[in-house]
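One structure is given here, and the rest of the page talks about it.
Just so we're on the same page: letters track the sequence lines, and every chain starts at 1.
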Protein chains: 2
Amino acid sequence: MARHSNRSTSFDVAALAGVSQSAVSRAFTPGSSIAEETRQKVYEAARKLNYVPNSIASSLTTKRTNIVALIIGNMANPFYSHVLHAFSQKLQEQGRQVLIFTVDPGAESDEAILHVLKYQVDGVILTAAQLSTRMTSMCHDRGIPIVLFNRYIPGSDASGVRCDNAAGGRLIAEAFLAAGAKNFAMITGDPKGSTSQDRVRGFVERLQEEGVRRSDITEVGGQSSYEGAFNAALGIFRDKDRSRPEALFAINDIMAMGAIDALRYRLGLRIPEDLMVAGFDDIPEGRRAPYQLTTVRQPINQMIDATLSILNLDDPSSGIEPGIDQPISGRLIWRNTIPVPAGHRWETGKEEAARADTGSSK
Amino acid sequence: MARHSNRSTSFDVAALAGVSQSAVSRAFTPGSSIAEETRQKVYEAARKLNYVPNSIASSLTTKRTNIVALIIGNMANPFYSHVLHAFSQKLQEQGRQVLIFTVDPGAESDEAILHVLKYQVDGVILTAAQLSTRMTSMCHDRGIPIVLFNRYIPGSDASGVRCDNAAGGRLIAEAFLAAGAKNFAMITGDPKGSTSQDRVRGFVERLQEEGVRRSDITEVGGQSSYEGAFNAALGIFRDKDRSRPEALFAINDIMAMGAIDALRYRLGLRIPEDLMVAGFDDIPEGRRAPYQLTTVRQPINQMIDATLSILNLDDPSSGIEPGIDQPISGRLIWRNTIPVPAGHRWETGKEEAARADTGSSK
DNA sequence: GAGAACAATGCATGCGTATTCATCACGTGC
DNA sequence: GCACGTGATGAATACGCATGCATTGTTCTC
């Protein structure tokens, strides 16, 4: 049997139900003017014919596809797979679906955007990827709202939703200082990404405010992945003459996990006794028993809601907002990879588990 | 500026280029009859107008959307997020995109299918979710190919691609037996899913063949997640009078990881000295230093290729294949959660890393 | 009881593209 | 020089549905 054989249309249903095609259309359009009796007749006929409205055809006239593009550059980081899941769920509740566009981590997503435009999506969410201003304006021109999730493009008029990464970096710095560290190391991620840059900047700034010299802050770049950080961590200790740091800031949790495993299982270091470690994101994986990672929690649900709010999918006539970029504050979550300074009464991850805005769904 | 303001159409481009609309269409359709000179004129005009073909409109006539639906029931399991990533990448290389449909783990995806049908997708991949035969036949009726990934529906004519789960369960059983275990425990997943059932069945069968009594095999059900297995593992040892098992089979790797963490960090057990553990899937996370999980590797790339091959998206006129269900064999990967029996020369995960068909992309 | 307001319905048209068909220009072979 | 094949092009139409408009029947108001 060849494909596309018996796909019935609204005309078929109309004929069977003894009404016009318009009536069928209205029967499936909430809020349109149709008698309940007629609607039932239509439903009955539709059921017999296994009719399902063709939303592709309808979007030709309504100019709405109920599809949102999600451009994602790093599915290997669980943070982003949680983000993807959350977006998909929330959008689905609104009767929309997510169309995935994968790009190489850190790569330009200009080409992806071209494909996105072809699909006439109602909105674009871009995360863990770069984008040229030319592309954002192409979206703007055709009235497609675009929001950068967890990054921003300097000088662009594209809206972005992100955690206050610089402030988060400062929180980590303070935690290390409070715990008495004097010598620091960082494992950074994509050097082109604003996220990594900002976290590093805040971290270094805060340390320098307290008189730490730049030469006491070792920086190692790595691929933004578990494996990248694993190797980078080993690199820090390769130089024998370099004074050993007491505190390691990994630019995100998955990298912190990679670093911790390298330190423990390859170098035999104890954490936090020999070396304290902090991450960033507060992914559920970092809360697990082997890691108990001290980190900065990204308020992911809040960020997602803000993203959807800026996207403003329900009101397409309203026009595109001018570039919005209001960083949302993250919070330091104390666990076990930095010794809690005596006398301090910081909140811990456990205490607030109940009211946490975590990455877990629902 | 209101949305949808200046979206230019093929007519606009045609006017600017001084050709007909047909010419514009042909310029963007590979293999159609058009002079190179004309094509360039069209491209030039298109560039000036920021024109991008509207694939929604074109799919109205071509009856192809270049969209593949992926119904996914458990994004929390990294196995499935790797699967998602791999599908997205491979399909994207073919000029197709993935439209995500999230369903609750283990839930019926009948309602999701209804939404899928609205989008006129070119194919459906269903994974980690249940589906009624009524829905598969609805897809068949309208010529939409559907493949069940990593599961099958008994009595259905829907094609499925999966690892030979029963055989995999047997491999685990053999490994435990070879290591000298006499007393066994299992942490199972979704009781309705064929995947979990088959793995358990193979495992138990093989043990019984060797004379193990059913009463020496403890079974604990859990949610199919890290946390579910974490709690389930604790449950196994709550009964003080029950003889303690020496070997624990978790139905998949993420659950094995949860179980291991519970055993180590809550119960203070050493693995494999006090208790050996095996998983199933061979996700990259299970290879990490803290786990070094002995498991059965699902040949994920092979499975993905098989899925796309059955989907046969390039040849829509060919009709739907009748139900195909050829399980692909998995291979036991020895790592450190089962002591390798003396004298045995099994292959280990490490040795074959180079040629592994792993879950990592590309 | 007359007129108005309103709900329900059908007709006709438009959405942006692919494709069929007819036409035309051009070159080839005899 | 003529018939013919070939490649390029445009006009017209179809794809499946939503919606503006006109029409009809019904209820409400004073």
Inset, instruction - Take the angle between the ring planes of Phe87(A) and Phe149(A) and call it parallel below 30°, perpendicular above 60°, tilted in between. - result: perpendicular

Legend entry - Ser10(A) side-chain N/O to dC17(D) phosphate OP1/OP2 under 4.0 Å: yes

Legend entry - Distance below 4.0 Å between Ser33(A) side-chain N/O and dA8(C) OP1 or OP2: yes

Inset, instruction - Tell whether Ser22(B) reaches the base of dA11(D) with its side chain through a donor-acceptor pair below 3.5 angstrom. - result: yes

Legend entry - Under 4.0 angstrom between Ser25(B) side-chain N/O and dA18(C) OP1 or OP2: yes

Legend entry - Integer-rounded Å distance: dT17(C) C1' and Phe11(B) CZ: 8 Å

Legend entry - Under-4.0 Å side-chain N/O to phosphate OP1/OP2 contact, Lys63(A) with dA18(D): no

Inset, instruction - Tell me what Phe28(B) touches on the nucleic acid: a base, only sugar-phosphate, or nothing, going by heavy atoms under 4.0 Å. - result: nothing

Inset, instruction - Could you check whether Val24(B) gets within reach of a base, just the sugar-phosphate, or nothing at all, counting any heavy atom under 4.0 Å? - result: nothing

Inset, instruction - Rounded off to whole Å, could you give me the CD-to-C1' distance for the Glu36(A) and dA7(C) pair? - result: 14 Å

Legend entry - Atom-to-atom span, CG of Asn54(B) to P of dG14(C) - whole angstrom: 18 Å

Inset, instruction - Starting from C1' on dA8(C), measure out to CD on Gln40(A) and report it in whole angstrom. - result: 16 Å

Legend entry - dG16(C) phosphate, OP1 or OP2, under 4.0 Å from Thr9(B) side-chain N/O: no

Legend entry - Touch class at under 4.0 angstrom, heavy-atom based, for Ser58(A) against every strand present: sugar-phosphate

Inset, instruction - Let me know the distance between CZ of Arg26(B) and P of dG10(D), rounded to the nearest Å. - result: 8 Å

Inset, instruction - Report yes if the side chains of Leu117(B) and Arg142(B) come closer than 4.5 Å at any heavy-atom pair, otherwise no. - result: yes

Inset, instruction - Take the protein atom CG of Leu49(A) and the nucleotide atom P of dG16(D), then report the distance between them rounded to whole Å. - result: 14 Å

Legend entry - Length of the CD-P vector between Glu37(A) and dG25(D), whole Å: 16 Å

Inset, instruction - Look at the side chain of Thr62(B) and decide which nucleotide, out of dA18(C), dT9(C), dA18(D), has an atom nearest to it. - result: dA18(C)

Inset, instruction - Ignoring the backbone of Gln21(A), work out which of dA12(C), dG16(D), dA8(D) is nearest its side chain. - result: dA12(C)

Legend entry - Side-chain heavy atoms of Leu126(B) within contact of Leu148(B), under 4.5 Å: yes

Inset, instruction - Would you mind reading off the distance between Ile56(B) atom CD1 and dA18(D) atom C1', rounded to a whole angstrom? - result: 16 Å

Legend entry - Donor/acceptor link under 3.5 angstrom from Ser59(B) side chain onto base of dC15(D): no

Legend entry - Toward the 5' end of DNA chain D, by each residue's nearest nucleotide, Thr61(A) or Ile34(B): Ile34(B)

Legend entry - Side-chain heavy-atom pair Tyr119(A), Asn66(B) within 4.5 angstrom cut-off: yes

Legend entry - Exercise: identify the closest heavy-atom pair between Ser32(B) and Arg26(B): OG-O, 2.8 Å

Legend entry - Whichever of Ser20(B) and Ala57(B) has its nearest DNA chain D nucleotide further upstream toward 5': Ser20(B)

Inset, instruction - Counting heavy atoms from C-beta on, name the nucleotide in dT9(C), dC15(C), dA18(D) closest to the side chain of Leu60(A). - result: dC15(C)

Inset, instruction - Answer yes or no: is there a side-chain heavy-atom contact under 4.5 Å between Leu308(B) and Gln94(B)? - result: yes

